[in-house]
Amino acid sequence: MKEKLEKIRQEALAKIAETNALDKLNDIRVSYLGKKGELTEVLKGMKDVAAEERPKVGQLVNDTRNIIEEKLEEMKSKLAAAAREKQLREEVIDVTLPAKKNNVGHRHPNSIALEEVQRIFVGMGYEVVEGPEVEYDYYNFEALNIPANHPAKDEQDTFYINDKMLLRSQTSPVQVREMEKGKLPIRMIAPGRVFRADEVDATHSPSFHQIEGLVIDKNITFSDLKGTLAQFAQELFGENTKVKFRPHHFPFTEPSAEVDVTCFKCGGKGCRMCKGSGWIEILGCGMVHPNVLRMSGIDPEEYSGFAFGMGLERIALLKYEIDDMRLLYENDTRFLKQF
Ligand code: DAH
């Protein structure tokens, strides 16, 4: 038995000394020390050993086990160290290589223009509010004095979710939602995304943004509307900017107007920017229609108000002299970084 143990010891140590991989070490452990390993087999033969010999043989088995384990551990740390060494050598960092550039994005012209418009109106005491992009037909049309089958519904053909819900075609429904809250007076602007079934071209997109405005109080008149928008135009386009109100029709305002500003490029003389006319259209507006007030629970005998709506992209295109709306949606930082 002694010779057998000696043989196992020598064989195991020789195998350990020969290994060059960590997983092979484990195979060796299993084949000598495991449940069915050679040393365990020897232990099973102890019952045939004479009783007085057993402690001695037992000690010998233990010694053999210990030395094999010790050598296994020794080899394991040696191989692990070598592997780490190899990894370090392979992963040498060249500190002279140029560093990766950290690319920071850039504010979008829409955002810059929106912040500018918000700054102007907040300065005049307006609140900035928001409404849902998925809207009820009632808020988008009905409550704005656009009943079913009204031709204005065709002009703003949009995307329907079902009979009652759609992607809003304008930010005007936010007016109704504000008025329904029943807190007067109101002085608000409502920026947000709107949707229309339009084909993409240089001036159209099925999804764009508007900024809505609404003021409701006692004794609000058309001259308040004119003064407010004149002040706005001067702050946005320069103090020499003049405004012109052209009669127009919107179902939710009466009277209604479209507003032009003197071309900030040529000062009104006529150029490529204003197509020779000296004027540039920027928004629609009017005095809130009594029907609209009534539907939202406001007494038109007691209160009056004005409203306006502008396209955010249109403002950004004008202000930054961009000639194709599609550029605003590509998010190419080489383009965005110019503003
Ligand atoms: N909602 C109108 C549109 O999308 C724009 C507009 C015109 C809004 C007049 C108004 C307004 O609040 O009074 O064409």
Side-chain angles (χ1 to χ4, degrees), residues 117 121 126-133 135-147 150-159 166-180 186-198 203-217 220-230 232-233 243-261 280-293 295-296 298 300 303-315 325:
V117 172
F121 281 106
Y126 285 59
E127 203 184 335
V128 180
V129 303
E130 277 181 33
E133 290 172 8
E135 185 55 283
Y136 288 104
D137 183 277
Y138 174 78
Y139 287 101
N140 197 79
F141 294 122
E142 201 87 14
L144 289 166
N145 210 24
I146 309 172
H150 192 288
K153 251 177 136 160
D154 274 354
E155 279 163 34
Q156 296 198 0
D157 195 14
T158 184
F159 306 96
L166 42 77
L167 298 184
R168 65 178 177 190
S169 63
Q170 48 186 354
T171 43
S172 304
V174 188
Q175 290 187 29
V176 180
R177 287 180 173 275
E178 255 336 88
M179 289 189 282
E180 278 189 349
I186 296 169
R187 227 184 273 136
M188 65 119 207
I189 55 168
R193 185 187 286 259
V194 300
F195 306 84
R196 292 193 194 174
D198 282 339
T203 53
H204 291 86
S205 160
S207 161
F208 58 103
H209 300 78
Q210 287 186 334
I211 306 169
E212 193 75 17
L214 176 70
V215 170
I216 306 278
D217 205 345
I220 298 290
T221 66
F222 202 94
S223 55
D224 294 315
L225 171 61
K226 279 188 85 172
T228 301
L229 293 181
F232 164 68
V243 288
K244 178 167 79 177
F245 285 67
R246 276 184 291 105
H248 199 78
H249 172 262
F250 296 107
F252 33 90
T253 42
E254 181 59 36
S256 305
E258 277 187 337
V259 173
D260 299 344
V261 293
I280 295 175
E281 181 197 322
I282 59 159
L283 54 79
C285 66
M287 301 306 291
V288 181
H289 197 293
N291 286 352
V292 173
L293 291 174
M295 278 188 275
S296 299
I298 296 174
Y303 284 95
S304 56
F306 63 75
F308 55 86
M310 67 189 100
L312 175 60
E313 278 80 356
R314 185 164 168 76
I315 301 285
M325 193 170 173

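Indexing begins at 1, ligand by ligand and atom by atom, following the structure's order. Note that the structure is predicted; figures quoted are calculated from it, not measured.
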*For V259 and F232, what are the C-alpha separation, side-chain angles and deciding distance, and is it a side chain to side chain contact (heavy atoms under 4.5 Å, CB included)?*
CA-CA 12 Å; V259 173; F232 164 68; over 6 Å; no

*asked:* Taking a cutoff of less than 4.0 Å between a non-hydrogen atom of the residue and any ligand atom, is F306 in contact with ligand 1?
replied: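 Heavy atoms of F306 never come under 4.0 Å of ligand 1.
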
*Non-hydrogen atom of R196 closer than 4.0 Å to ligand 1*: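 R196 counts as a contact of ligand 1 under the 4.0 Å cut-off.
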
Heavy-atom pair of closest approach, residues [X] and [Y]:
| X | Y | value |
| --- | --- | --- |
| E212 | S172 | OE2-OG, 2.9 Å |
| L214 | V288 | CD1-CG2, 3.7 Å |
| R314 | I282 | NE-CA, 4.4 Å |

*Can you find an N or O of F308 that's nearer than 3.5 Å to an N or O of ligand 1?*
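Min N/O separation from ligand 1 is below 3.5 Å for F308.
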
*Do F308 and I189 pass the side chain to side chain contact (heavy atoms under 4.5 Å, CB included) test, and can you show the C-alpha distance, the side-chain angles, and the key distance before you say yes or no?*
CA-CA 9 Å; F308 55 86; I189 55 168; 4.2 Å; yes

For [X], atoms of ligand 1 separated by under 4.0 Å from a heavy atom:
| X | result |
| --- | --- |
| Q175 | 12 (O) |
| C285 | 9 (C), 11 (C), 13 (O) |
| S172 | 1 (N), 8 (C) |
| G309 | 6 (C), 8 (C), 10 (C), 12 (O) |
| T253 | 13 (O) |
| G286 | 13 (O) |
| Q210 | 3 (C), 4 (O) |
| F250 | 7 (C), 9 (C) |

Heavy atom of the protein closest to [atom] (residue, atom name, distance):
| atom | answer |
| --- | --- |
| atom 14 (O) of ligand 1 | Q156 NE2, 3.7 Å |
| atom 13 (O) of ligand 1 | A307 O, 3.2 Å |
| atom 11 (C) of ligand 1 | F252 CE1, 3.5 Å |
| atom 1 (N) of ligand 1 | Q170 OE1, 2.7 Å |
| atom 12 (O) of ligand 1 | E212 OE2, 2.6 Å |

*Angle class for the F195/F159 ring planes (parallel below 30°, perpendicular above 60°, tilted otherwise)?*
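F195 and F159: perpendicular rings.
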
*Name the orientation class of the two ring planes belonging to H248 and F250 (parallel below 30°, tilted from 30 to 60°, perpendicular beyond 60°).*
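H248 vs F250 ring planes: tilted.
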
*Give a yes or no on this: more than 12 heavy atoms of other residues, nucleotides or ligands lie within 6.0 Å of atom CD of E180.*
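Enclosed.
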
*Any donor and acceptor pair, going by atom type alone, linking the side chain of R193 with main-chain N or O of R168 inside 3.5 Å?*
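Side chain of R193 to backbone of R168, a donor-acceptor pair under 3.5 Å: no, none is there.
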
*Would F222 and F245 count as a close aromatic pair, with their ring centres under 6.0 Å?*
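Ring-ring flag for F222/F245: true, centres closer than 6.0 Å.
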
